[in-house]
Amino acid sequence: MSDAFLDICNVSRRFAPRISFGQKIAAKLGQRVDARVTHAVDGVSLTVARGEALGLVGESGCGKSTLGRVVAGILPPSEGTTAVAGEPVMAHGRKTTTRVQMIFQDPFASLDPRMQVGDTIAEGPLAHGLTTKAQAPAYVGKWLTTVGLDPAFAARYPHQFSGGQRQRIAIARALAMQPDMLVCDEPVASLDVSIQAQIINLFLKLRRELGLTMLFISHDLGVVRHLCDRVAIMYLGRIVELGETQAVYAKPQHPYTQALLDSVPKLVLADGVTTSFKPIAGELPSPLSPPAGCHFHLRCPLVQERCRQERPKLREVAKGRLSACHFAPL
Amino acid sequence: MKPASPLSRFWAEFRESKVAFVALAIVVALVGVALAAPLIAPQNPYALADLVLMDARRPPGYVGSGGFTHILGTDAQGRDLFSAILYGLRISLQMGLIAGFIAFVVGVSLGLGAAYMGGRREAFIMRIIDLQLAFPAILLALVLSALLGQGKAQLITALVAAQYAYFARTAHGAAAAERGKDYVEAALSTPLPGWKVVFRHILPNCLPPLIVVATVQVANAIALEATLSFLGVGLPVTEPSLGALIANGFQYMLSGRYWISIYPGVALIVLIVAINLVGDQIRDQVNPRLKR
Amino acid sequence: MTAPLLEVTDLATHFHTRAGVVKAVDGVSFSLRKGEVMGLVGESGSGKSVTGFSLLGLIDPPGRIASGSVRLGGQELVGMPGAHLRKLRGKRMAMVFQDPATTLNPVIAIGAQMRMALEAHGVTGTEQTRERSVQVLTRVGIPDAARRLEAYPHEFSGGMRQRVAIAIALLHNPELLIADEPTTALDVSIQAQILAEMKSLVAELGMALIWISHDLATVSSLADRIAVMYAGRIVEAGPTAAVLRNPRHHYTQGLLDSLPARAEPGHDLVQIPGTTPSLLSLPPGCAFAPRCPRADAACGVMPELLTEGARQHRCWHPLGLEVAA
């Protein structure tokens, strides 16, 4: 695609276990040492158009956060490349662009507790020459206002803020770098329901006013439907389905997507109705030893012999719709 | 809403512990008299020409040839013990603080550097430090001072060598924990150079445990210096620290002239215990598990 | 109508901190019958978890139950000596926590932990304890339970660990189970499994369940009745579907409106302005007044919890009752 703003090309990220000195000796002596490599992200290719919001959905351990960190330039990929507007995100293990900024899940961990929030926000822009020491207060104030906070808050410390306010500060810090793209890793998951709505509205506003491109990582299908144009569903390091959000939710083209949607508890408003859950059978397999063939075959209601052997390709099953199921379109 | 600064909250909590407050008062007072020693002391114990041998080994309360009362008695050279203790305190504190400070800088730099670099370099630095921690500090200091000879600089070198590893260990542990936190990752993803992230973000957040170690290590440095001086490998006799004073009087202990050793010893104990009590209180306050 | 199993009257739990008295729970009353499921809903700091802990007498200093009464099967629990309370806890009432990793001892095999839990209440004998352990583990859906007794907590996945924690809570067939956000830390597919399990357990064992959660959807699919808490007080209670269909309190309405499912994708959500108040400096009247669209002078006085059939609400300007008023 030529209009791709973010281009993730065949990215893999493996984590090798730390092997201690003792284990090395044991291995030399012929002992079996468990040194299996975790394939957190396994050959993912994605593109996001300028101004688009892509949701990245999956359960814990599916590699969505790892992929987000690779895109944001916090983790180098083991293989593959990521580029924003044609510029590579990382080179020689170091981030080379400021066009992508990241927002973390836990606003209690993502702000330096011993630094005034104004200094935290100004730090990156000062280092990058986006503002000067003299203009920093006004610059910080502008971004605090953008995220709906009083510019006077700049002199306070993180512990003086509630979770929702801290997340706003973290967003202001990311915006102050004047990025074209935000990678948001579960930015509302640790917030209270009433505060979640405020932050979701803030993201909507930022998209409208600043035209930001967003990679929105979440396990919450409801939030993703609300915020994202397209959605990618991940399972054990691979993308299993990708498409327009509305279309994916309306008619999933992968049994895992279907199962996820079925698992979401819905608000029951009728008296005496006993909702029957249709939980997916079984557990998430360990990413240390993913099953052969299709990763989902152990839990899949449609499983056939072929799924145990052959890894399904992510292929186009309808216009703009990709699925990694042998039997798609379903 | 005017929130109290973290420091003033810390101080308010500190004051609530009477023991720690008294201990801090003692430390401040001892530092004060040590600084003001030339003004308070009736005699300059280093001016060997002023010493009168006739006044040697006199008990407390003796009025000497200088015309003033030796309230704590005199030592074998006829030195006024009260003056000697004041000057000795000065040297002991000086040694402890300088050695503690240098050990802090060296150890913390190594520990933070190791935690930041990671990988093989981290493993290499930390294994050497582990190796050294397995070695008794006193033995190391003893060997070093014997090799380097007498003198302030040599003594400080020995003390630093014996102590920096504690700082390095603590700094490394704290920094490794901070290193994985989101705010450090956020800072690292800006164009800020790595060393700036270490000093602006990681170091300030590692300070609480380091301050605790620092107070205790200053007390340990003073004790270690006293031990070395007592064993005769510390400072020269012309500049006696508390340890040397104790050593000087030791041979007279059994002849009933207890004061020559005991009073410097009491001063040393009070100083070390007070510093440790202050350190304990700081540790209790920075440890979130003990927070009410 | 049978006598309620659990009767909570005017329960107040206060924490005496350096900064002042935190009234985490302040005058909470409700009752629960055998086999009934009540959802206790609120945001962080609403006092929902502290309420759960208070029922079991698990409040440690500087907190204490300041007043009120908790009766289980007619027996008063507030003020009961600790030793006495321990006999009830785990036997007649049990609790499941949000993070199973913290409630299971990481260095003891789960079989041994279950044996200890059984022996603490007089069930002894290797065969008997083993049999009972396998029975409950199988009941909560742990495959190959007999073999898994030798396993340590870290050998289980998060969902399986939570099942083990639930199994331990069920060992003595408690009459009352309190579950504090037991699925919050779990993935949706695992949450659905646990919810399905919980539903069938309640139906089968006839125990009463208090399901503490911030998630209206899970509560609505599980609970017969719902109680919404805000700043230490119940602001609204009643049959779940009725409350969620026509909430009386503006806070309940606000919570419902802020769900993304309630709005068109891409459009602004209805948001509750402001933040949850600090329990140290609550406004004198209705705690929600500063964030409420309909607040007026009347709200400066604390409204009483009014009963209206099966429902209760604590609001001067309840929704859906304007015509009657």
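Only this structure's heavy atoms are used, side chains among them; waters, hydrogens and symmetry mates stay out. Everything numeric here is computed off the predicted structure, so don't read it as measured data. Chain letters run A, B, ... following the sequence lines, proteins first and then strands; every chain starts at 1.
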Side chain from CB out, backbone as N, CA, C, O: work out which of these in [X] comes under 4.5 Å of a heavy atom of chain A, or both, or neither.
| X | result |
| --- | --- |
| Gln191(C) | side chain |
| Val270(C) | backbone |
| Pro143(C) | neither |
| Ile194(C) | neither |

List the atom of Arg262(C), the atom of Leu267(A), and the distance in Å for their closest heavy-atom pair.
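Result for this residue pair: NH2-CD2, 3.7 Å.
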Which atom names give the shortest non-hydrogen contact between Pro265(A) and Ala217(C), and what distance separates them?
O-CB, 3.4 Å
Would you find a donor on one side and an acceptor on the other, under 3.5 Å apart, between the side chain of Asp192(A) and the backbone of Ser44(C)?
yes
Once rounded to the nearest 0.5 Å, what's the spacing between atom CG of Leu186(C) and atom NE2 of His219(A)?
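If I round to the nearest 0.5 Å, the distance is 10.0 Å.
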If I take atom CD1 from residue Ile200(A) and atom NE2 from residue His267(C), how far apart are they, to the nearest 0.5 angstrom?
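Between atom CD1 of Ile200(A) and atom NE2 of His267(C) there are 15.0 Å.
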Under 4.5 Å, counting heavy-atom pairs only, tell me which of Ser189(C), Ser258(C), Gly141(C) racks up the most with chain A.
Ser189(C)
Top residue by heavy-atom pair count (under 4.5 Å) with chain A, among Arg245(C), Glu264(C), His214(C)?
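Sorted descending by pairs with chain A, the first entry is Arg245(C).
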Any Leu216(C) side-chain heavy atom under 4.5 Å of Val193(A) side chain:
no
Hey, does Pro260(C) have a side-chain heavy atom less than 4.5 Å from the side chain of Arg225(A)?
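No. Closest side-chain heavy atoms not under 4.5 Å.
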Where on [X] is there a heavy atom nearer than 4.5 Å to chain C: the side chain, the backbone, both, or neither?
| X | result |
| --- | --- |
| Gln246(A) | side chain |
| Ser60(A) | both |
| Leu204(A) | side chain |
| Arg207(A) | neither |

Go through the steps to decide whether Gln271(C) and Leu202(A) satisfy the test side chain to side chain contact (heavy atoms under 4.5 Å, CB included), and finish with yes or no.
CA-CA 11 Å; Gln271(C) 63 185 46; Leu202(A) 176 60; over 6 Å; no
